[in-house]
Number of protein chains: 2
Amino acid sequence: MELAEAKKKFIETWGKLGSEWGINRTMAQVHALLLISPEALTTEEIMETLSISRGNANMTLRDLMGWGLIEKQHKAGERKEYFYADKDTWNIARQVAKERRKRELDPVLKALDELTKVEGDVNDPEYKTFNKSVTDINKLAKNVDRTLDTMLKAEESWFWGSIFKIFK
Amino acid sequence: MELAEAKKKFIETWGKLGSEWGINRTMAQVHALLLISPEALTTEEIMETLSISRGNANMTLRDLMGWGLIEKQHKAGERKEYFYADKDTWNIARQVAKERRKRELDPVLKALDELTKVEGDVNDPEYKTFNKSVTDINKLAKNVDRTLDTMLKAEESWFWGSIFKIFK
DNA sequence: TTAAACTTTCAATATATTTTGAAAGTTTAA
DNA sequence: TTAAACTTTCAAAATATATTGAAAGTTTAA
C-alpha cells in the first residue's frame, strides 16, 4: 500500500470508529489527520485535505481543543493559526475518558442517585424490581466512575499505575 | 418522587445514556423498561408503555436479543411472546462489551494491522509520523482488546477475577 | 384446510444531526 | 485610521438515522 493511500485509510478508519463512539465523523477525521501530520496544519490545509467547509473546520477544531486533543500553535511572523495533535496515545485515551466521564457519566450518576432514594412498598414486586435494578446499576456506574478517576490519576497510584503501564 | 415518575425518569436516563453510546434511544428505553419489570412483557405492552409503533418495537426487541440482553419467554397455553431482561448488571456490562468488541474493535484492529505494515522511507517525516501514530494506536487497541478478552473470561482468571469482583 | 392470532417487513415519513457558505466579527500591520 | 488577513457565527440545506403503519408472512388450534 502507498503511504498516501494508507493515510486516507487511517483517516477513514478513525472516522468510523469515532462515529461509533459518539464523536462525530469529521471531528475524528480531523484528529486523525493531525495525528499523522509531522507539522502543525492551518485551517485551510485541513479544509482542503478533507474537503470540508470553513465553518465545519472551524467548529470541529474548536471542539477538538475543548476535548483537549489538539492545540493551537502560533508561528512567529505569521497571522495564521496552526493546529497540532498530542501524539501520545495514553494521553489521548485519558483525555477522551475524562471528557466523556464529565459529559455523560456524571449526569447519569446524579440521576441514579436520586432514583435509588425513591421509597415504596417492599412487598410490591414492581417496586422491588425497580429498586434492585436501579441500585445495582448505580453500584456499577459508581465503580466505573471511581476507576476512571483512579485511571486519570494513575501516575499517583503505584497499584493502578503499574497495571496501566502495561498499556503504554 | 412517585414510583411511576421514577420509572419514567429511569427509562429516560437510560435512553439518553444509550444514545450517547451508539445504542439507539428506543433500544435503550425498551431495555430499561424490561429491567424494571418484574414480569416478562409482550410486544403490545411495550408498544403502549413507550408509545412506539409495532414495527419499531419488533425491530428493537430483535436487536436486543441479538445483543444478548433480553430473551423470549413462552407462556404455556398462550400464543403471545413475552420478553424479559437479564437483570444481572455484570452480565449486561459483559454482553455490551462483547458485542461492541466484535462489531467495532475487531474491524479496526484488522485495519490498523494492515496500516502498520505499510513501508516507507525512514527519513521521510511524513512516513515516520504516520508510522509512529499508527503503531502506537495499534498497540493501545490491542491491549484494550486483550483486556476485554480477559474480562469476558474473568471467571477463569484469578488475577482479573479478583479485580473485577470489586465491581459486582 | 381455514381463519384467527400473532410476528415481520419495508417503503414512506419524520426526526435528528451534520455541513455549508456567506456575512459579520476580530486582529494586525502599515 | 484603514484595509487586508484571518476567524467565527448561524440560518438554511443536506445527509443520516429512526420510526411508522399497513400489508405480507407465519403459526396454531380446531
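The basis for the numbers below is simple: all heavy atoms, side chains too, and nothing from hydrogens, waters or symmetry mates. Per chain, numbering begins at 1; letters A, B, ... match sequence-line order.
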J.: For residues 52-61 of chain A, which side-chain N or O atoms pair as donor and acceptor with protein atoms under 3.5 Å away, sequence neighbours left out?
T.:
from: Ser53(A); atom 1: OG; to: Asn56(A); atom 2: N; distance (Å): 3.2
from: Arg54(A); atom 1: NH1; to: Glu44(A); atom 2: OE2; distance (Å): 3.3
from: Arg54(A); atom 1: NH2; to: Glu44(A); atom 2: OE2; distance (Å): 2.7
from: Asn56(A); atom 1: OD1; to: Thr60(A); atom 2: OG1; distance (Å): 3.3
from: Thr60(A); atom 1: OG1; to: Asn56(A); atom 2: O; distance (Å): 2.8

J.: The criterion is side chain to side chain contact (heavy atoms under 4.5 Å, CB included); which residues satisfy it with Asp121(A), sequence neighbours excluded?
T.: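 Here the qualifying residues are Asn123(A), Asp124(A).
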
J.: Will you find, in the side chains of Thr42(B) and Glu45(B), an N or O donor that is under 3.5 Å from an N or O acceptor?
T.: yes

J.: Using the test side chain to side chain donor-acceptor pair (under 3.5 Å), find all partners of Glu39(B) that sit at least two apart in sequence or belong to another chain.
T.: none

J.: Of all residues at least two apart in sequence or in a different chain, which pass the salt bridge (charged side-chain N to carboxylate O under 4.0 Å, His left out) check with Lys102(B)?
T.: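 Expected list: Glu99(B).
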
J.: Under the rule for side chain to side chain donor-acceptor pair (under 3.5 Å), what residues qualify as partners of Asp145(A), not counting sequence neighbours?
T.: Arg101(A)

J.: In residues 7-18 of chain B, what residues come within less than 4.0 Å of DNA chain D, judged by heavy atoms?
T.: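 Heavy-atom contacts with DNA chain D come from no residue of residues 7-18 of chain B; none.
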
J.: Any residue in residues 42-65 of chain A with a heavy atom nearer than 4.0 angstrom to DNA chain D? Just list them by number, or reply none.
T.: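 Under 4.0 Å from DNA chain D: Arg54(A), Gly55(A), Asn58(A), Met59(A), Arg62(A).
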
J.: Please report, rounded to the nearest Å, how far the C1' atom of dT18(C) is from the CG atom of Asn24(A).
T.: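 Atom CG in Asn24(A) sits about 7 Å away from atom C1' in dT18(C).
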
J.: Check the pair Lys142(B), Asp113(B) against salt bridge (Lys or Arg N to Asp or Glu O under 4.0 Å), reporting the backbone distance first and the verdict last.
T.: CA-CA 10 Å; Lys142(B) 273 193 170 151; Asp113(B) 255 335; 3.4 Å; yes

J.: Applying side chain to side chain contact (heavy atoms under 4.5 Å, CB included), name anything that partners Glu78(B), two or more places apart in sequence or on another chain.
T.: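 Once residues adjacent in sequence are excluded, the partners of Glu78(B) under the side chain to side chain contact (heavy atoms under 4.5 Å, CB included) criterion are Lys75(B), Lys80(B), Tyr82(B).
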
J.: List the atom of Ala28(A), the atom of Trp14(A), and the distance in Å for their closest heavy-atom pair.
T.: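 Closest approach of Ala28(A) to Trp14(A): O-CD1, 3.1 Å.
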
J.: From the 5' end of DNA chain D to its 3' end, which nucleotides mark the outer limits of contact with chain B, defined by a 4.0 Å heavy-atom distance cut-off (strictly under)?
T.: dA18(D) to dT28(D)

J.: So what stems show up for DNA chain D if we need 3 or more Watson-Crick or G-U pairs in a row, all under 3.5 Å?
T.: C:1-30 with D:1-30

J.: Using the ring of each side chain (for Trp, its six-membered ring), is Trp21(B) parallel, tilted or perpendicular to Trp21(A), with breaks at 30° and 60°?
T.: perpendicular

J.: Please enumerate all residues that pass side chain to side chain donor-acceptor pair (under 3.5 Å) together with Glu48(A), with sequence neighbours excluded.
T.: none

J.: Test of understanding: with side chain to side chain donor-acceptor pair (under 3.5 Å), list the residues that count as partners of Lys7(B), not counting sequence neighbours.
T.: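 Applying side chain to side chain donor-acceptor pair (under 3.5 Å) to Lys7(B) gives Glu126(A).
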
